[in-house]
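Below, each value reflects all heavy atoms present in this structure, side chains not excepted, and no hydrogens, waters or symmetry copies. Proteins come first, then strands; the chains are lettered A, B, ... in the order of their sequence lines, and each starts at number 1.
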Amino acid sequence: MSRPVSRPTIVVALLKKELTAYSRDKLYLFLTILTLVAVSVLFQFLPTSVNETLTLAVSPSIQSMVSGAQDTLKGLGATDEQLSALDNADLTGQQEGLDLVEFGSEEEMARVIEGKLEAWRTDSGELVLRDKEAGDAKPENAKRLSLDIGIAFPANFIADVATKQGDIAVTIYSDAGVPAEIQGAMRSFVREAAYQLAGQALPVGMPAEDTIVLGQDRTGDQATIRDKMRPMLIFMILLMETFSMSALVSTEVLQRTVTAVLVTPAKIGDFLVSKTIFGTMLALTQGLIVMLVVQALTPQNWSLLLVTALMGAIMFTGVALLVGAAGKDFMGQLFYAMLFVIPMMIPSFSVLFPGTAATWVQAIPTYPIIDILVGATIYGATWSDSWGSLAYAAVWLVLLYGAGLLALKRKVESL
Amino acid sequence: MSLRLTWKLLKKDLAMGPRSPFFLYALLLPVVMTVVLQFAFGSLFSPQPRLGIVDTGNSEITASIREMDGIDLKRLTNPAELKSQVEKNDLDAGLILPGGFDQAVKAGEKPDLQFFVGGESYASNRIILMVTAIDRLREVEGAVAPVKVNVVDFGQEGLPISVRLVPIIVFYALVMAGLFVPGSSLVEEKEQGTLMALLVTPVRTGNVLAAKWMLGTLFAAVMATVTLAMNNVLGANWVDVMVVVLIAGALSSMIGITVGVFAKDSTVLFGTVKGMGIFLFAPSLFYIFPQWPQWIARIFPLYWVIEPIWRVSVMGGSIVDVWSELSVAVGITVAMVPLVMWLARRMQSQMAAG
C-alpha cells in the first residue's frame with residue numbers, strides 16, 4: 001500500500017534527479033564554469049570607448065598662419081574690417097569630431113605620417129617628436145598619437161587666399177590606408193576654408209545646428225563595443241544552453257530512462273514540467289550570473305531584464321525539448337540543434353550593426369529577445385518602451401515551447 | 001604497427017566518413033562562413049558614412065556623390081522616411097534636394113539646405129558628409145576653388161577586412177575537418193562497439209588512431225585549401241601553401257584525436273570542444289584587431305599554424321619565412337603523441353572493463 005503523492009512532490013523529486021545527474025557530470029560542470037569565467041575575462045578586455053574623432057595634422061600652426069597673415073595683410077594695406085574678418089574666420093576651428101595636431105614644420109609632419117617619426121602628446125598638451133631609429137627615449141607622461149593624414153598649408157596661405165593670389169597649392173599627406181571618404185573630405189575641407197577666406201559665402205542658407213540633429217544626440221556618448229557585447233553575451237549564454245538541455249533530454253529518451261520514470265507515480269506531464277523547470281533554471285541561472293558579471297542590471301532595468309531572460313530561457317528550453325525529441329542519436333540531436341541554433345543566433349549579430357535590423361532578421365523568433373536586451377542595457381528602455389517586443393516574444397515563446405512539449409510528449413508516448 | 005592495416009582502415013574511414021553529419025558540416029561550413037562573413041560582415045569593421053538623399057529634381061549633387069568612393073549613398077523618395085531613417089540610425093545623415101534646387105543655387109538665390117544628421121551618427125561621419133555635401137554645392141554653383149590641393153600618399157593600402165577575416169574562416173575549416181571529423185569518428189566507433197570489434201582482429205589501437213589522424217590531416221588540408229581558394233588568397237606559391245596547410249591539418253587532427261580518445265561518448269566530445277572553443281579560436285581574432293598586442297596570440301596552439309597560413313597564403317610569403325612557426329607546430333604535434341598513447345591505453349582499459 002502506498003500513500004498518494006502530490007504532483008508537486010513528484011516534480012520536485014524529478015528535479016532532484018536532474019540536478020544530481022547534472023552535478024555528477026563533472027566535465028559539463030567544469031565546462032559551464034569555464035565558459036562563465038571565459039566570458040567574464042573576455043568582457044574585461046573589450047574596448048570601453050568609441051573613437052569618433054578624425055585626427056588631423058596641420059602645418060604650420062594655425063596661430064603662426066594667422067599672425068603671419070596679419071602682418072602681410074597690413075603690409076598690403078588691408079583694412080581693419082578685413083583683419084577682423086580674418087580673426088573671426090573658422091579656418092580649422094576645434095570642433096567635435098576633429099582633433100587638430102599642429103606641426104611647426106611640413107617636413108616633420110610628413111615624416112610622422114610616413115611613419116618615420118613618432119608623435120607624442122604630453123599631459124600638458126605639448127607635441128613631442130621621437131625618432132625611434134635614432135634611439136630617442138619614449139617621452140614621459142605622454143600618449144602616442146596616431147596620425148594618418150595631414151595638411152601642409154603654405155606659410156602665407158591666409159594672406160595669399162584673402163588677396164586672391166593665383167597658384168596657391170596645399171599638400172595633403174596621407175597614409176595610403178586612409179579611407180577614400182576621409183581623403184575626399186580633407187580636400188573639400190581645404191577648398192572650403194579657402195572659399196571662406198576669399199570671402200565667397202556659401203551658396204545656400206545653412207540650418208541652425210540644433211535643428212539638424214534628429215534623435216538624441218549621442219556625440220561623445222556612443223555605445224561602445226563593450227556596451228554592445230553586454231546584451232549579446234547574455235543572449236548567447238541563454239541560447240547555448242539549448243545544446244546542454246537537448247543533450248540531457250535526448251539521453252533520457254535514447255536510454256529510455258524516461259520509461260523507467262513513468263512506471264513510478266510520475267506521469268508524462270510531471271516529466272515535461274520537470275524538464276521545463278530544470279532547463280529554464282539552468283539557462284536563467286547562467287544568464288543571471290553573466291548579467292551580474294557584465295554589470296547589466298541597474299535599478300531601472302533589472303525587472304525587465306529578468307523577465308526577458310526568463311522568456312528567453314523558456315523559449316530555448318522549448319527548442320531543446322523539440323531537438324531532444326527529434327534526435328535519433330547524439331550526432332543527430334547535435335545536427336538538429338545546430339539547425340535551430342545557428343539561425344537563432346543571427347539577430348544577436350544585428351547589435352553590432354548600426355540602425356534597424358533587416359525585416360527577415362526581425363522575423364526570427366529570437367529577435368524580440370535581443371531587441372529588449374539591447375534596449376534595456378544600452379538605451380535605457382523601460383517596460384513601456386518594450387511592450388511590443390515583449391508581446392512578439394511571447395507569441396514565439398508559446399509557439400516554440402508548445403511545439404517542444406508536443407514533440408517530446410509524442411516521443412515519450414511512442415517509447 | 002602495420003602500415004597496410006592503417007591504409008585499409010583509412011580507406012574504410014574515407015568510405016564511411018561522408019555518412020557522418022560532421023563530414024557534411026566540415027564540407028558546408030567554410031562555404032557558409034565565407035558567404036556570411038565576406039558578404040554580410042565584410043563591412044562591419046570598416047563602415048562607410050551612410051548618406052540618404054531625397055532628390056526630386058535630378059540634382060547634380062546626387063550624381064556627383066554617387067560617383068564618390070567611400071560614401072554609402074541611398075536614394076529615397078519620401079522626406080519623412082528619410083528623416084525617420086536618420087533618426088533610427090539607419091543613415092548617418094540625410095539631404096533633401098527639392099526640384100529646382102540646382103537652378104536656385106546657380107542663380108544665387110541661396111536656397112535653404114535641408115541637411116539632417118542622426119543623433120547616433122559618429123561626429124567624424126557628420127564632418128565627412130557635411131563637408132562633402134558643401135563641396136558638391138560649390139561645384140553646382142560653378143565656383144572655382146582659390147586653391148589647388150595635391151595629395152601625397154605614403155606606403156601601401158592596408159589589408160581590407162575581407163582579407164583579415166580569412167583566418168577565422170580557415171580556423172573553422174581546420175576545426176571542423178581536422179578536429180571534429182576524426183574525433184567524432186573515433187567516438188562513434190566506441191559508442192557503436194565497432195572499435196572493440198576491430199581490436200579483436202589483428203588491428204592495433206595505433207593503426208586505428210593513425211588512420212583517423214591521417215583522415216583528419218588530409219580532410220583539414222583539403223578544406224583549408226578550398227577555403228583559401230574561395231576567398232581568393234591562394235596564390236602562385238601553391239606548393240608552399242600545401243606544405244603549410246598539411247602541417248596545420250596534422251596539428252588540428254592531432255588535437256581531434258586527443259579529444260576523441262579522451263571522450264567516452266559524443267556528449268563529452270562535444271562538451272570538451274565547446275569548452276576549448278575560445279582557447280582554439282582566440283588567435284584568429286588578432287587578425288581582425290591588429291592593434292591588439294600580438295604576442296598574446298602566441299599563447300594559443302593554433303596560432304602556430306594560422307600565422308604560417310596567413311603569411312604564406314595571404315601575404316604571399318614562402319616556407320622559409322615561417323619555418324620557426326612551422327617547427328613549433330610540428331613540435332606541438334609530436335609532443336601530443338605520448339599523451340594520445342597514454343589516453344589510448346586508458347581507453348583500452350576502460351573498454352576491457354566494459
Side-chain angles (χ1 to χ4, degrees), chain A residues 27-28 31 34-35 38 52-54 96-98 113-115 161 164 168-177 179-185 187-192 194-195 198 200 202-207 212-219 222 247 330-332 334-335 352-356, chain B residues 20-22 44 47-49 68-71 83 86-90 105 108 110-120 122-124 126-128 131-132 134-135 137-138 141 143 145-158 184 188 265-268 270-272 274-275 278:
Chain A
L27 181 71
Y28 253 120
L31 291 173
L34 183 72
T35 305
E52 53 175 330
T53 304
L54 290 175
E96 274 180 326
L98 191 65
I113 290 163
E114 198 177 2
V161 173
K164 298 185 171 57
I168 305 168
V170 172
T171 305
I172 295 177
Y173 292 98
S174 169
D175 183 89
E181 68 272 17
I182 294 181
Q183 274 198 7
R187 282 175 197 260
S188 304
F189 179 78
V190 172
R191 281 200 285 257
E192 188 52 35
Y195 280 124
Q200 288 180 250
L202 280 172
V204 290
M206 291 298 285
I212 68 170
V213 178
L214 302 178
Q216 186 194 350
D217 193 347
R218 295 194 63 132
T219 310
Q222 301 285 357
F330 181 81
M331 291 300 172
L334 199 58
F335 188 77
L352 297 171
F353 291 98
T356 320
Chain B
S20 160
F22 279 112
L44 176 62
Q48 296 176 333
M68 289 180 66
D69 284 335
I71 291 184
K83 287 185 186 178
V86 171
E87 187 167 358
K88 286 192 286 187
N89 197 25
D90 293 339
V105 169
K110 283 201 160 199
D112 284 339
L113 183 69
Q114 296 182 66
F115 185 84
F116 305 94
V117 295
E120 287 187 58
Y122 287 179
S124 49
R126 296 181 192 187
I127 290 176
I128 290 167
V131 169
T132 303
I134 288 175
D135 202 36
L137 279 168
R138 293 286 192 184
E141 184 191 22
V147 62
K148 187 182 167 196
V149 183
N150 304 313
V151 177
V152 176
D153 276 329
F154 291 122
Q156 294 180 323
E157 270 189 51
S184 66
E188 270 184 356
D265 55 33
S266 304
T267 313
V268 176
F270 179 71
T272 308
K274 183 184 161 193
I278 286 183

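Counting all heavy atoms, side chain and backbone alike, A:Ile182 lies closest to B:Ile128 at CG1-CD1, 3.7 Å. Taking each heavy atom of B:Gly119 and A:Gln222 in turn, the nearest pair found is O-NE2, 4.3 Å. Residues B:Val131 and A:Phe189 share a closest heavy-atom pair of CG1-N, 3.5 Å. Taking each heavy atom of B:Phe115 and A:Pro207 in turn, the nearest pair found is O-CG, 4.4 Å.
Here A:Glu192 is the residue among A:Gln183, A:Glu192, A:Met206 with the most heavy-atom pairs under 4.5 Å with chain B. Among B:Ile134, B:Ile71, B:Val117, B:Val149, the residue making the largest number of heavy-atom pairs under 4.5 Å with chain A is B:Val117.
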* To do: Verify side-chain contact (heavy atoms from CB on, under 4.5 Å) between A:Arg187 and B:Val151, making sure each step is shown before the conclusion.
  => CA-CA 9 Å; A:Arg187 282 175 197 260; B:Val151 177; 3.3 Å; yes
* Quick one: do A:Leu202 and B:Arg138 satisfy side-chain contact (heavy atoms from CB on, under 4.5 Å)? Show the steps, please. => CA-CA 8 Å; A:Leu202 280 172; B:Arg138 293 286 192 184; 4.0 Å; yes
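Summarising the geometry, atom CD1 belonging to B:Ile127 is positioned 12.5 Å from atom OG belonging to A:Ser188; distances are rounded to the nearest 0.5 Å. In this structure, B:Lys88 NZ and A:Leu214 CG are separated by 12.5 Å, a value rounded to the nearest 0.5 Å. The distance from atom CD1 of A:Ile212 to atom CZ of B:Arg126, rounded to the nearest 0.5 Å, is 8.0 Å. Interatomic distance, OG1 of B:Thr132 versus CD of A:Glu181, reported as 8.5 Å (0.5 Å rounding).
Proximity to chain A (any heavy atom under 4.5 Å) is shown, for B:Glu120, by both the backbone and the side chain. Of the atoms belonging to A:Ala198, it is side-chain heavy atoms, and not backbone ones, that fall under 4.5 Å from chain B. In this structure, chain B has a heavy atom under 4.5 Å from the backbone of A:Gln216, while its side chain stays farther away. Contacts of A:Pro203 with chain B are made by both backbone and side-chain atoms, with heavy-atom separations under 4.5 Å.
With sequence neighbours excluded, the residues forming a side chain to side chain contact (heavy atoms under 4.5 Å, CB included) with A:Ala180 are B:Asp69, listed by chain and number.
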